[in-house]
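Notes follow the structure.
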Amino acid sequence: MAELSVAIQKSLGDFCLDLAFTAGPGCLAILGASGCGKSMTLRAIAGIVTPDRGRITLNGRALFDSGARVDLPPRARRVGYLFQGCALFPNMTVAENIAAGLRGRERGQRAETVARLVARLRLEGLEGRCPARLSGGQRQRVALARCLACGPEAMLLDEPFSALDTCLREELLPQLRELLKEYDGASVLVTHSREEAFLLGQRLMVLDNGRVSAYGETREIFRSPGTVQAARLTGCRNLAAARMAGPGLAEVPEWGVTLRVAEPFPPGFRYIAIRGEDLRPAGEGEQNAIPLWEPEVLERPGGSEVRFAPGPGKTARLWWEPGRPPEPLPRALSADPERVLPLR
C-alpha cells in the first residue's frame with residue numbers, strides 16, 4: 001500500500017513551514033490561502049526545496065532525512081510533479097513532451113508508454129502538435145501524461161486548474177477525479193478551491209500560515225471543521241466570537257443570541273459558525289432563532305442568497321443560502337443544534 005510520510009520544518013524570513021502528515025492511496029487535498037505554504041510543501045517533497053530539518057519517506061524509502069543526511073535529487077525520487085500552468089516544453093511535440101520523463105529507456109519501451117498514455121488521456125491525433133497548437137485542456141492532459149510516464153510512486157498536483165477558464169475546469173475535474181481513483185500511488189493536490197478539494201480529495205489538510213489547522217476525512221472536515229480557518233476555507237461565512245453559557249449553550253454577543261450546540265465544545269473554544277445553507281425559516285418560539293432584519297436578496301447563477309442583520313441595530317451581517325427564498329421572507333431563521341459549529 002502506497003504511503004508518503006512528511007514531517008518537515010523550513011524557515012524563510014518570518015515564515016516557518018512546520019507540519020507533519022501522511023498520504024496513502026486516494027488523494028490528499030491541501031487547502032489554504034495564498035502564502036500559507038502549500039506549494040512549498042510540494043516542492044520539498046519533490047526535492048526542489050530543501051527543508052531545514054525533518055524526514056520525508058515514500059513507501060519506506062527515505063527521500064529526505066536531515067538526521068541521516070539523505071537528500072535524493074528530484075530524478076531519483078520517483079515523484080511526478082504537475083506544475084501550475086503545465087510547464088510543457090514549447091518546442092517539443094505532445095509525444096516528445098510525454099517521453100521527456102523516459103530518458104534512458106529503450107526506444108520501443110518509450111514509444112509503447114507514450115502510446116498507452118495518449119490513449120488513456122484522450123490525446124489521439126495530437127501526438128505531433130506543439131503546445132502552442134493545443135487548447136488549455138489538452139495541454140493539461142499532456143502534462144498529466146508526462147507526470148505518469150515514469151511510473152511515479154507519488155503524484156504532486158500544484159493548482160492544476162489555476163490557468164483554465166470555468167468551462168475547461170468543469171470538463172477536466174471529473175476526468176482528473178477518475179484518473180486519481182485509478183492511480184495506485186500516493187497523490188497530493190494543492191488548491192485554494194474548496195470545490196476542487198471536496199471533489200478530488202478523499203482526505204483534506206487545511207494549512208494556516210505554515211501549520212496544519214485541520215486534517216482528516218474531507219467530508220468530515222466540511223461537516224465539522226474544528227477551527228476558524230478550516231471553517232472559512234471550506235465556505236462558512238457566518239462566523240462570530242462566542243463563549244459558553246452553560247451545558248450545550250453558546251452565547252454569541254455579536255448576533256445577540258444564545259444558541260444550543262450538539263457537538264462538544266473543543267478545548268480553546270472561541271467561535272461559533274453556521275453555514276448559510278444550514279439556516280431555515282424558524283417556527284414560532286423555536287430554539288436557535290436568529291432575527292432576519294434588513295434583508296438584501298442577491299441573485300446568483302445557481303440561485304439566490306440573502307444577506308441580513310441578526311437584529312435591529314446590529315452591525316454584523318449573516319448569509320442565508322436558500323437557493324430560492326420564499327415570499328414573503330420569514331421574520332427569523334434557525335439552525336438545528338447539529339448544524340451549529342463550535343470552533344477554536
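Quick note: residue numbers are just sequence positions, from 1.
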Under the side chain to side chain contact (heavy atoms under 4.5 Å, CB included) test, residues paired with F21 that sit two or more places apart: V6, L19, L28, T41, I45, M205, Y215
Residue R61 excluded, over 12 heavy atoms near CZ under 6.0 Å: yes
Contacts of P291 that satisfy side chain to side chain contact (heavy atoms under 4.5 Å, CB included) - sequence neighbours left out: V257, W293
Non-hydrogen side-chain atoms of D158 and Y81 separated by less than 4.5 Å: yes
Neighbour count above 12 (heavy atom, 6.0 Å) for R75 CZ: no
Closest non-hydrogen atom pair between P51 and I8, with its separation: CG-CG2, 3.9 Å
Minimum heavy-atom distance between R232 and L239, given as atom pair plus value: CG-CD1, 3.3 Å
Joint cluster assignment, L179 & L117, ILVMFWY side-chain distance < 4.5 Å: yes
Donor-acceptor contact below 3.5 Å, side chain E286 vs main chain G283: yes
Residues which pass ring pair (Phe, Tyr, Trp, His ring centres under 6.0 Å) with Y183, listed by chain and number, not counting sequence neighbours: none
Atom CZ of R331 with >12 non-hydrogen neighbours under 6.0 angstrom: no
L168 with L126, same ILVMFWY side-chain cluster at under 4.5 Å: yes
Cation-pi geometry met for R219 and F198 (6.0 Å, 45°): yes
Nearest atoms (heavy-atom pairs only) where A241 meets V252: O-CG1, 3.7 Å
Identified side chain to side chain contact (heavy atoms under 4.5 Å, CB included) partner of S213 from the options I221, V206, V228, L233: V206
Test log, rule side chain to side chain contact (heavy atoms under 4.5 Å, CB included), inputs R237 and E321: CA-CA 11 Å; R237 292 185 285 178; E321 301 168 22; 3.0 Å; yes
Pairing residues for E127 by the salt bridge (Lys or Arg N to Asp or Glu O under 4.0 Å) criterion, not counting sequence neighbours: none
Check ion pair E294-K314 (N to O, under 4.0 angstrom): no
Side-chain donor/acceptor of K38 to backbone N/O of A33, under 3.5 Å: yes
Considering all heavy atoms, the nearest L17-C36 contact: CD1-O, 4.5 Å
Transitive ILVMFWY cluster of L298, excluding itself - 4.5 Å side-chain cut-off: W319
Distance (rounded to the nearest 0.5 Å) between L249 CG and Q287 CD: 9.0 Å
Nearest-0.5 Å distance, CZ of residue R203 to CD of residue E217: 4.5 Å
Atom pair CZ (F64) and OG1 (T57), whose distance is rounded to the nearest 0.5 Å: 12.5 Å
Common cluster, V297/L333, ILVMFWY with side-chain heavy-atom separation under 4.5 Å: yes
R270 and R344, any side-chain heavy atoms less than 4.5 Å apart: no
Side-chain donor-acceptor pair present, E263, S224, cut-off under 3.5 Å: yes
Sequence-distant partners of R78, salt bridge (Lys or Arg N to Asp or Glu O under 4.0 Å), two or more places apart: E153
CG-CZ distance between L148 and R116, expressed to the nearest 0.5 angstrom: 8.0 Å
Hydrophobic cluster identity match, L88 and I98, side-chain contacts under 4.5 Å: yes
Whether over 12 other heavy atoms sit under 6.0 Å from R324 CZ: no
Listed partners of E112 passing side chain to side chain contact (heavy atoms under 4.5 Å, CB included), at least two apart: none
Closest non-hydrogen atom pair, W320 against P326: CH2-CD, 3.6 Å
Sequence-distant partners of E171, side-chain hydrogen bond (donor to acceptor under 3.5 Å, both in side chains), two or more places apart: none
Expected output: side-chain D278 to main-chain I274 donor-acceptor under 3.5 Å: no
Carboxylate-amine/guanidinium contact R110 E96, below 4.0 Å: no
With sequence neighbours excluded, residues passing ring pair (Phe, Tyr, Trp, His ring centres under 6.0 Å) with F265: F269
Chi angles and distances behind the side chain to side chain contact (heavy atoms under 4.5 Å, CB included) call for W255, I272: CA-CA 10 Å; W255 298 350; I272 280 292; 4.1 Å; yes
N-O pairing of D18 and K10 below 4.0 Å: no
T191 and E196: CA distance, side-chain angles, deciding distance, side-chain hydrogen bond (donor to acceptor under 3.5 Å, both in side chains) verdict: CA-CA 7 Å; T191 182; E196 292 172 15; 2.8 Å; yes
With sequence neighbours excluded, residues passing salt bridge (Lys or Arg N to Asp or Glu O under 4.0 Å) with R307: E296
Backbone of S66 reached by a side-chain donor or acceptor of R53 within 3.5 Å: no
Test item: side-chain donor near acceptor, E299 and S304, under 3.5 Å: yes
L204 and L31: CA distance, side-chain angles, deciding distance, side chain to side chain contact (heavy atoms under 4.5 Å, CB included) verdict: CA-CA 7 Å; L204 178 65; L31 183 64; 3.8 Å; yes
Joint hydrophobic cluster, L156 plus L63, side-chain heavy atoms closer than 4.5 Å: yes
Set of residues satisfying side-chain hydrogen bond (donor to acceptor under 3.5 Å, both in side chains) with respect to R55, sequence neighbours excluded: D65
Nearest atoms (heavy-atom pairs only) where L343 meets A231: CD1-CB, 3.7 Å
Side chain to side chain, C236 and P225, heavy atoms closer than 4.5 Å: no
All side chain to side chain contact (heavy atoms under 4.5 Å, CB included) counterparts of E284, not counting sequence neighbours: none
Whether N238 side chain and A273 backbone form a donor-acceptor pair below 3.5 Å: no
No-hydrogen, no-angle side-chain donor-acceptor test under 3.5 Å, S334 and N288: no
Straight-line distance of E338 CD to R223 CZ, nearest 0.5 Å: 9.5 Å
Presence of salt bridge, R177 and E182, under 4.0 angstrom: no
Side-chain (R275) to main-chain (F222) donor-acceptor, under 3.5 angstrom: yes
Test item: Q138 side-chain N/O and S135 main-chain N/O as donor-acceptor pair under 3.5 Å: yes
